[in-house]
Amino acid sequence: MTRAWNFSAGPATLPLEVLQQVREDLPEWHGIGASIMEVSHRGKAFSGVIEAAQADLRELLAIPEDYEVLFLQGGQTLQFAQVPMNLLAGRSADYLVTGAWSQKAHREAARIGKARLVASTEENGKFLRLPDIDALKFDENAAYCHLCTNETIHGVEVHEAYEAKLFEAISAAAPGVSLVADMSSHILSRPLDVRRYGLLSAGAQKNIGPSGMTLVIVRKALLGRAAAGTPTILDYRNQADNGSMLNTPPAFAIYVAGLVFQWLKAQGGLDAMAAINREKAKRLYAAIDNSEGFYKNPVDVACRSSMNVPFTLPSVALEAQFVQASEAAGFIGLKGHKSVGGIRASLYNAVPLEAVQALVRFMEDFRETWRRRGASR
Ligand SMILES: *Cc1c(COP(=O)(O)O)cnc(C)c1O
């Protein structure tokens with residue numbers, strides 16, 4: 001068996017232990033005579049799986065009792081519509097645009113109702129920083145304030161200190177307004193104070209499990225505000241009242257996510273993951289910053305993402321060579337997003353430190369080869 005060093009942005013690598021457990025559980029799960037994806041979602045076996053997944057997630061994120069945990073479908077992209085359908089209630093919402101994903105969220109909300117742009121950090125088509133919190137003017141009457149806490153394409157992340165300051169600022173300026181966040185690409189990478197949010201959501205395929213499941217954590221007090229005409233299945237309250245099983249849930253994805261939650265607990269929980277993730281990011285950014293400008297990451301140092309690290313080389317041709325050579329050397333998933341080009345390494349929870357060490361060595365070797373070629377010309 002040869003598993004590559006996988007830096008894919010999503011769907012992304014899963015822990016090998018989890019894949020091995022899945023293999024063991026197929027084709028027969030715990031003596032039920034079938035795999036878990038072949039039995040009723042209303043039966044005892046699957047009920048146990050979804051309940052355990054929820055309990056483990058609640059423990060990992062210390063989710064308070066007054067929050068619902070929903071396992072839905074449609075990806076984070078559906079949340080860009082489902083959030084305004086459920087929470088706008090005829091009002092306007094505030095949007096912070098800090099990259100491609102929050103921009104999509106803002107545009108989608110504007111199709112549904114009133115979505116006000118509080119700030120955009122776009123400059124010459126680039127997103128390199130987070131807005132200055134002291135300069136933000138929140139709408140006191142907004143239904144909510146939306147942000148993306150980790151911009152997967154542009155590599156801009158809301159870290160703990162910025163998050164705490166933003167929460168304090170909005171609590172002071174607009175006390176009734178809840179933060180709503182797209183956390184798709186960094187949820188579970190560090191501990192989180194769920195209470196700072198009215199709602200947070202994440203497509204599973206980055207840091208949770210396979211694609212097909214979307215996690216929504218929502219304060220119970222925000223349920224029951226869906227606009228008239230909202231389809232039954234898109235009203236969060238209906239899903240909450242039915243344990244995320246208004247219809248057939250993405251059973252297999254929930255089962256694998258449950259195994260990932262157990263794996264995270266076995267690693268020592270989110271404090272332990274945060275420490276490993278910090279170390280991985282530190283090493284990769286050091287390799288970029290110490291390359292005498294050969295590799296470049298232009299994002300403001302304070303909000304560089306520890307999950308998605310985009311970087312460039314001196315030319316597009318060299319970037320293509322880099323991707324090709326990396327694949328020959330046993331790496332996959334390093335090509336940058338098509339909208340921005342360059343290279344991107346995603347360092348999700350399931351990417352081990354050894355993978356980052358291998359990547360750093362590869363980057364040093366690649367640059368050394370290039371330097372020697374230049375010298376011999
Ligand atoms: C991947 C991603 C999305 C889109 O998720 P889908 O599940 O494909 O709809 C949205 N937001 C962020 C931050 C992402 O990383």
- Task: Flag the pair Asp66 and Lys220 as a salt bridge only when some basic side-chain nitrogen lies within less than 4.0 angstrom of an acidic carboxylate oxygen.
- Result: no

- Do the ring planes of Phe311 and Phe322 sit parallel (below 30°), tilted (30 to 60°) or perpendicular (above 60°)? perpendicular

- Take Arg219 and Ser178 through the side-chain hydrogen bond (donor to acceptor under 3.5 Å, both in side chains) test and state the conclusion after the steps. CA-CA 10 Å; Arg219 197 184 294 135; Ser178 297; 3.0 Å; yes

- Query: Do the non-hydrogen side-chain atoms of Leu199 and Tyr236 ever get within less than 4.5 Å of each other?
  - Reply: yes

- How about Glu68 and Ser244: do any of their side-chain heavy atoms sit closer than 4.5 Å? no

- Would Thr214 and Gln76 count as having a side-chain donor-acceptor pair, cut-off 3.5 Å? no

- Message: Looking only at the aromatic ring of each residue, does the gap between the centers of His146 and Tyr95 stay below 6.0 angstrom?
- Response: yes

- Message: Any carboxylate oxygen within less than 4.0 angstrom of a Lys/Arg side-chain nitrogen, looking at Arg304 and Asp289?
- Response: yes

- Message: Can you confirm whether Ser189 sits close enough to Met307 that some side-chain heavy atom of one is under 4.5 Å from a side-chain heavy atom of the other?
- Response: yes

- Query: Does the side chain of Gln357 pick up a donor-acceptor pair with the side chain of Arg361 at under 3.5 Å?
  - Reply: no

- Query: With under 30° as parallel and over 60° as perpendicular, where do the rings of Phe366 and Phe294 fit, or are they tilted in between?
  - Reply: tilted

- Message: Using the rule side chain to side chain contact (heavy atoms under 4.5 Å, CB included), only one of Val158, Asn150, Thr149 pairs with Ser305; which is it?
- Response: Asn150

